[in-house]
Amino acid sequence: MTPKRKQRLMLVMFIVVGVSVAVGLTLFALNQNINLFYSPTQIAAGEAPQDTRIRAGGMVVEGSIKRDPESLFVSFDVTDYDKTVTVEYVGILPDLFREGQGIVAQGALNEHGVLEAVEVLAKHDENYMPPEVAEALAKAGKMPMPEGQEFNK
Amino acid sequence: MIIPELGEYTLILALCFAVLLATVPMVGASRGNALWMDFARPLSKGMFLFTLISFLCLSWSFLDNDFSVVYVASNSNTALPWYYRLSAVWGGHEGSLLLWVLILAAWTLAVAIKSRNLPQDIIARVLAVMGWVSIGFYLFILFTSSPFERYLPGFPQEGADLNPLLQDFGLIVHPPMLYMGYVGFAVSFAFAIAALLSGRLDAAWARWSRPWTSVAWAFLTLGIALGSWWAYYELGWGGWWFWDPVENASLMPWLVGTALIHSLAVTEKRGVFKSWTVLLAIFAFSLSLLGTFLVRSGVLTSVHAFASDPERGLFILIMLAVVIGGSLLLYAIRAGQMRSESSFGLLSRESLLLVNNVLLVVSCAMVLLGTIYPLIVDALGMGKLSVGPPYFNALFVPLMAIMLVFMGAGVVSRWKQTPMSMLVHQLWLPGLCALVLGLAATWLYAGELQAWVTIGLVLAWWVVLAGGRDLYNRLRHRREKLAGLLKQTRSYYGMVLAHLGVAVLVVGVALVSIYSEQRDMRMQPGDSITFRDYTFIYEGNRHVEGPNYTSDQGQIRVMLDGKTYAEMKPEKRLYTARGNVMTEAAIDPGFTRDLYVALGEPLENGAWAVRVQYKPYVRWLWLGGLLMTFGGLLAASDPRYRKRRAIAAATS
């Protein structure tokens with residue numbers, strides 16, 4: 001092999017090794033950090049794992065919001081109009097969080113089947129519903145459709 | 001009132017111009033018909049003119065509060081101040097696409113005017129490719145998302161108001177800058193396709209493409225920085241990068257664009273990496289289109305997801321397939337004809353730039369994977385999932401750290417062949433100094449050596465000092481140092497500024513990521529909290545009336561060393577037209593730290609949830625972005641790109 005070819009081969013090897021290491025690490029990191037979405041029905045049926053970071057969502061049940069008078073602790077129920085799941089959260093809720101609003105919470109289920117959320121998301125457009133929530137509601141056959149309005153139009 | 005109809009008709013006229021622009025000069029170029037090729041410039045001007053008229057018509061409808069136009073009625077309101085009514089033009093899906101085509105037409109016009117010294121057939125082909133791209137977007141607007149549709153016969157007397165998040169200076173400037181960047185890569189793309197079509201992929205081609213690519217990249221950098229700044233103060237919670245799919249959509253073309261700029265430099269100077277450069281140009285633009293698809297199709301959960309319908313997504317997906325498929329096919333046919341004009345050693349500036357290119361492209365691929373993985377899994381029916389920020393941080397940060405190491409070495413290395421001994425000789429001192437200064441700075445700032453902060457600061461010093469060594473090399477043999485400084489080219493100083501920007505950005509990222517502090521509290525009037533030397537005293541709320549909102553304004557007194565340092569007034573606004581609630585944070589900006597206070601929600605007994613944050617060096621993020629932007633613009637303004645000798649090189 002000429003020295004020049006040897007150099008080229010080394011360069012190619014370097015790139016190939018680098019890329020495969022990168023791909024391996026990427027897939028590993030990806031598997032560690034995916035958060036699956038579960039609807040309240042799936043959680044009630046015990047399909048969701050405990051103590052693993054998951055996402056859950058639905059509509060906030062009217063009258064279910066309870067605040068602790070001394071701290072920022074808050075608990076509320078989300079529903080897909082079939083089953084409900086209780087969410088507990090400490091912190092500041094987003095501006096659009098209110099009763100009857102579709103939300104997505106990220107957190108882990110504890111042994112009582114309560115979602116201990118680390119993040120609560122409500123989107124900025126009142127006609128916009130997180131796609132996961134919309135689909136979960138549609139599956140339960142409970143898509144609320146106010147007259148003359150459509151979600152995600 | 002026929003203004004909206006006029007807008008629609010001029011848009012159709014612009015489409016006709018685009019069709020002519022896409023065909024006549026292209027046919028002319030392949031047949032060598034000079035007359036047909038000469039049509040390219042006037043057609044570009046016409047396309048721009050009619051698109052501009054169309055855009056002005058929509059703007060007029062907004063200023064005039066013409067609520068018979070659906071788009072105006074759903075994005076504006078009589079109570080909105082005039083400047084927000086104007087920026088509301090691009091506050092929704094339809095109008096922002098109109099802005100997109102206006103900018104595309106403006107870039108086409110700029111290429112038509114600014115390229116007097118390019119060979120006729122090249123310019124005809126470049127403009128024709130711009131015409132093809134334009135056709136796609138005009139059709140998209142006219143068929144799926146016309147902003148000129150009317151409510152007839154009955155129409156609302158009052159508009160639904162602009163989304164309050166968008167009633168802000170940041171939104172006035174962020175989308176136009178970002179689009180300038182996205183669309184600017186269409187020019188690099190057009191140059192690459194024109195070069196493939198003509199079969200003349202030489203150094204001259206790279207020289208023509210370079211200034212345009214640099215300008216596009218500079219605008220994209222600015223757009224991303226503005227977006228991050230806007231998210232920081234307007235979304236209300238002090239984050240500056242969320243790995244949100246739409247942020248990723250703008251980061252991906254940026255990463256590939258950065259690789260493209262460097263690869264173009266190698267192609268121009270050394271005549272190698274040609275096919276790689278062409279591929280990068282194709283991918284930079286394809287990723288811009290993919291970004292548009294991700295944002296517009298509503299497939300993603302994101303702050304940016306405009307409520308939209310699948311038909312639009314399908315259209316963009318088809319367009320994406322045509323652009324990527326078509327250009328890759330052309331590439332496959334023509335790539336065999338490309339010849340390297342020189343060779344290079346294993347250790348040389350070429351190879352170091354190649355390593356940086358590979359790292360940038362790998363980072364981009366990894367961001368792409370994380371962004372579309374949920375879509376793919378969903379499409380396969382394997383469940384709904386999202387990929388969290390830890391994935392991106394775990395991969396992106398180390399990759400960028402490696403890249404910074406090579407960045408320092410690349411700057412001092414030489415073309416063709418760089419002996420290892422020379423690199424060591426030149427870089428041992430900057431390396432040692434960077435290590436000492438980085439460790440010292442970390443220790444002085446924090447009193448500890450947190451791993452990532454130390455790595456970040458050492459690498460930032462490394463980039464700066466290696467750049468300093470390069471400047472020293474350039475001036476070493478000159479007797480007049482000052483004259484020597486003035487002798488350096490603008491593109492050199494552009495590179496220096498941009499690399500300095502990277503260093504500043506790295507310092508900002510490292511410090512704000514690790515040393516931000518945050519307290520969420522329930523506060524009653526009279527309550528206070530102390531941290532980081534500052535005492536925040538909550539003094540209650542006041543009612544404030546704005547033009548189209550009412551607001552609860554918190555009064556927070558900040559004390560430093562027993563004296564009043566500042567009054568901060570975070571607000572909770574209620575926008576009356578839609579009944580939206582919005583958090584308006586109060587920020588005390590500073591060069592080395594921001595104080596950030598936001599109101600959460602009202603609690604019982606007059607108490608409020610309050611979030612207080614201390615953000616060290618957060619301004620350095622955007623300062624770094626600005627430096628990179630100016631660097632890109634400065635490099636593009638280098639007079640050598642406009643010299644007549646470009647012709648000689650091209651026609652020889």
Side-chain angles (χ1 to χ4, degrees), chain A residues 3-4 6-8 10-11 14-15 18-19 22-23 25-39 53-55 57 67-74 90-98 104 106 119 121 123-133 135-136 150-153, chain B residues 163-165 235-237 298-303 305-309 343 345-346 351 354-355 358-359 362-363 365-366 369-370 373-374 377-378 383-392 394-395 398-399 520-522 572 578-583 598-601 603-605 607 609-611:
Chain A
K4 199 170 162 185
K6 214 173 194 172
Q7 280 190 352
R8 286 224 176 122
M10 275 184 68
L11 198 64
F14 175 74
I15 292 172
V19 168
V23 168
L25 282 175
T26 305
L27 290 177
F28 177 73
L30 195 59
N31 271 327
Q32 298 292 305
N33 290 296
I34 52 175
N35 308 310
L36 284 159
F37 179 88
Y38 293 94
S39 69
R53 176 76 81 92
I54 61 164
R55 284 149 65 88
R67 288 179 196 283
D68 182 84
E70 293 306 314
S71 69
L72 291 177
F73 176 87
V74 59
V90 179
I92 295 175
L93 292 165
D95 288 337
L96 277 178
F97 180 89
R98 61 176 86 115
V104 172
Q106 211 167 118
E119 195 180 13
L121 304 165
K123 290 306 172 188
H124 65 254
D125 182 341
E126 65 269 33
N127 284 334
Y128 179 79
M129 194 187 293
E132 298 98 327
V133 177
E135 193 167 299
E150 267 180 89
F151 285 108
N152 298 351
K153 189 181 172 298
Chain B
N163 185 334
L165 274 174
L235 291 183
W237 307 117
V299 290
L300 293 167
T301 310
S302 148
V303 244
F306 288 87
S308 63
D309 65 59
S343 63
L346 188 61
S351 62
L354 183 64
V355 171
V358 169
L359 285 169
V362 168
S363 326
M366 157 240 128
L369 182 67
Y373 187 67
V377 170
D378 187 25
K384 296 266 183 194
L385 54 82
S386 72
V387 177
Y391 160 76
F392 295 101
L395 289 170
L399 277 170
D520 286 356
M521 284 156 307
R522 176 193 158 87
K572 202 70 173 179
R578 289 188 183 187
N580 281 350
V581 180
M582 267 279 308
T583 305
L599 287 181
E601 49 221 308
L603 307 170
E604 291 154 38
N605 306 327
V610 180
R611 175 173 293 182

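By convention in this document, chain letters (A, B, ...) are assigned in the order of the sequence lines, proteins followed by strands, and residues within each chain are numbered from 1.
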Practice prompt. Measure across B/Ala609 and A/Leu72 and return the closest heavy-atom pair with its distance rounded to 0.1 Å.
Written response: CB-CD2, 3.4 Å
Worksheet item: Which atoms form the tightest heavy-atom contact between B/Arg611 and A/Ile92, and what is the distance?
Response: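 So the minimum-distance heavy-atom pair works out to CB-CD1, 3.5 Å.
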Worksheet item: What part of A/Phe14 lies closer than 4.5 angstrom to a heavy atom of chain B: side chain, backbone, both or neither?
Response: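 When you check distances to chain B, only side chain atoms of A/Phe14 fall under 4.5 Å.
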Item to complete: Report yes if the side chains of B/Glu601 and A/Arg67 come closer than 4.5 Å at any heavy-atom pair, otherwise no.
Response: yes
Worksheet item: Looking at residues at least two apart in the chain, or sitting in another chain, which of them share a ring pair (Phe, Tyr, Trp, His ring centres under 6.0 Å) with B/Phe392?
Response: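 Here the qualifying residues are B/Trp243.
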[X] portion near chain A, given a 4.5 angstrom heavy-atom threshold:
{"X": "B/Val377", "answer": "neither"}
{"X": "B/Leu359", "answer": "neither"}
{"X": "B/Ser363", "answer": "neither"}
{"X": "B/Val362", "answer": "side chain"}

Practice prompt. Count the heavy atoms of every other residue, nucleotide or ligand shown that sit under 6.0 Å from CZ of A/Phe73, and state whether that count exceeds 12.
Written response: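 More than 12 heavy atoms, drawn from other residues, nucleotides or ligands, come within 6.0 Å of this atom.
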Worksheet item: What is the distance from atom CG of A/Asn35 to atom OH of B/Tyr391, rounded to the nearest 0.5 Å?
Response: 13.5 Å
Discussion item. For the OG atom of A/Ser71 and the CG atom of B/Leu603, what is their distance to the nearest 0.5 Å?
Written reply: 9.5 Å
Worksheet item: So which of A/Leu27, A/Leu36, A/Leu30 has the largest heavy-atom pair count under 4.5 angstrom toward chain B?
Response: A/Leu30
Using a cut-off of under 4.5 Å on heavy-atom pairs, state which of [options] scores highest against chain A.
{"options": "B/Ala394, B/Pro390, B/Pro389, B/Ala365", "value": "B/Pro390"}
{"options": "B/Pro164, B/Ser351, B/Gly388", "value": "B/Gly388"}
{"options": "B/Leu395, B/Val355, B/Leu399, B/Val387", "value": "B/Leu395"}

